[in-house]
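Taking it in order: structure first as structure tokens, then the write-up.
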There are 2 protein chains.
Amino acid sequence: MLVKRTYTQEELTALLQRHGINPTAQRLEIARLLFARAEHVSAEDVFMLVNTAATPVSKATVYNTLGLFAERGLIREVIADPNKVFYDPNTAPHYHFYDVATGQLTDIDAEGVQITGLPSLPEGARMEGVDVIVRLRQSDRPTH
Amino acid sequence: MLVKRTYTQEELTALLQRHGINPTAQRLEIARLLFARAEHVSAEDVFMLVNTAATPVSKATVYNTLGLFAERGLIREVIADPNKVFYDPNTAPHYHFYDVATGQLTDIDAEGVQITGLPSLPEGARMEGVDVIVRLRQSDRPTH
DNA sequence: AAACCATCTATAATCATTCTAAATCGACAC
DNA sequence: GTGTCGATTTAGAATGATTATAGATGGTTT
Ligand SMILES: [Mn+2]
Ligand SMILES: [Mn+2]
Ligand SMILES: [Zn+2]
Ligand SMILES: [Zn+2]
């Protein structure tokens, strides 16, 4: 279970380095923000969040950094919405509720969830991960 | 299990009508093609396939028609690739392998697969469906 | 200081998808 | 047959997320 908290600059630096990422100012800033919120954010979200702070970061760098973080396993991509990729600072195995109306993603703890009976993988294939997305729609009639 | 076969014009017409869809020439053509292949296709795929035949169909109509079919439950959308939506003529519950390198989607029969221990849904939410996507990557070293 | 290399940035390009507004079509009425 | 009407289709423009380009910037090394 990922705990929402603030990391010191040293912890963030070590975190990036542990993943083979050169800890630049922009990358540290984006990492700080990702792990402070511990929520599912889009590139646009990150771009806006990072630019409420003092130092501006370009959109290109936001995309490059999120891509780099995902590639190095610091965060993971969640493909649930056809319009944008979500980035998830929680890389532990877990699943998602997706509210198709609002676009809200919510974690489902892997603890207790069992998926059995999956067929064996095609020849020569390695499993990268299993995504489970439970699509939800809020009932039209609100509880009164 | 969806069987790959050709439908008569009458069967297709009845199929659309059963889903509350006015069976126009373009819609019948697209439906015919979808159910003949019984594969996962993108809008672009459908656009190209439908335009190898005699009667041309516009891109706008392809998108409108696929959207309409999905909305009425004749086909389903699969969100697996961040770059495009796949449309699946198989609406029976089933899951997918997704080859992240090639973008290839392959069915996993729901038969035998069990997902247990999912938490109860948030208050007032209805489940629209459960998507399971097993992400695969072909091993770099080919079997020799 | 000059060279070097990684990174960052503004901006253009790409590309799937959606939007717009004008044709076209088909059923029905006259 | 001709006219009308609503539904559908269409070409093309617009949108928006993402990626590509190519030049600036910033440390670091000699
Ligand atoms: Mn999209
Ligand atoms: Mn995309
Ligand atoms: Zn998550
Ligand atoms: Zn399928």
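Worth knowing before you read on, the calculation uses all heavy atoms, side chains too, and leaves out hydrogens, waters and symmetry mates. Quick note on labels: first sequence line is chain A, next is B, and so on, each numbered from 1.
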Salt-bridged, B/R137 to B/D99, with N to O below 4.0 Å?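 The answer is no: the pair does not qualify as a salt bridge.
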Gap between atoms [atom1] and [atom2], on [X] and [N] respectively (whole Å):
{"X": "B/N51", "N": "D/dT10", "atom1": "CG", "atom2": "P", "value": "9 Å"}
{"X": "B/L66", "N": "D/dT9", "atom1": "CG", "atom2": "P", "value": "12 Å"}
{"X": "B/E71", "N": "C/dT18", "atom1": "CD", "atom2": "C1'", "value": "15 Å"}
{"X": "A/K59", "N": "C/dA13", "atom1": "NZ", "atom2": "C1'", "value": "15 Å"}
{"X": "B/F47", "N": "C/dC15", "atom1": "CZ", "atom2": "P", "value": "15 Å"}
{"X": "A/E44", "N": "D/dT15", "atom1": "CD", "atom2": "P", "value": "16 Å"}
{"X": "B/I30", "N": "D/dT8", "atom1": "CD1", "atom2": "P", "value": "13 Å"}
{"X": "A/L68", "N": "C/dC8", "atom1": "CG", "atom2": "C1'", "value": "13 Å"}

Atom [atom1] of residue position [X] - does it have more than 12 heavy atoms of other residues, nucleotides or ligands inside 6.0 Å?
{"X": "B/E11", "atom1": "CD", "answer": "yes"}
{"X": "A/E71", "atom1": "CD", "answer": "yes"}
{"X": "B/Q114", "atom1": "CD", "answer": "no"}

Start at the 5' end of DNA chain D and walk down; is the nucleotide closest to B/N22 or to A/N64 reached first? B/N22
With heavy atoms under 4.0 Å as the rule, sort A/P56 into base, sugar-phosphate or nothing. sugar-phosphate
Do any side-chain nitrogens or oxygens of [X] fall under 4.0 Å of OP1 or OP2 in [N]?
{"X": "B/Y63", "N": "C/dT18", "value": "no"}
{"X": "A/T24", "N": "C/dT7", "value": "no"}
{"X": "B/N83", "N": "C/dC15", "value": "no"}
{"X": "B/S58", "N": "D/dT10", "value": "yes"}
{"X": "A/Q26", "N": "C/dT9", "value": "yes"}

Picking from C/dT9, C/dT17, C/dC8, which would you name as closest to the side chain of B/A43? C/dT17
Counting side-chain heavy atoms from C-beta on, which of C/dT9, D/dT10, D/dT8 comes nearest to B/R27?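 Of C/dT9, D/dT10, D/dT8, D/dT8 is nearest to the side chain of B/R27.
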Here's a test for you: under side chain to side chain contact (heavy atoms under 4.5 Å, CB included), which of B/D81, B/N83, B/I79 qualifies with A/P82? B/I79
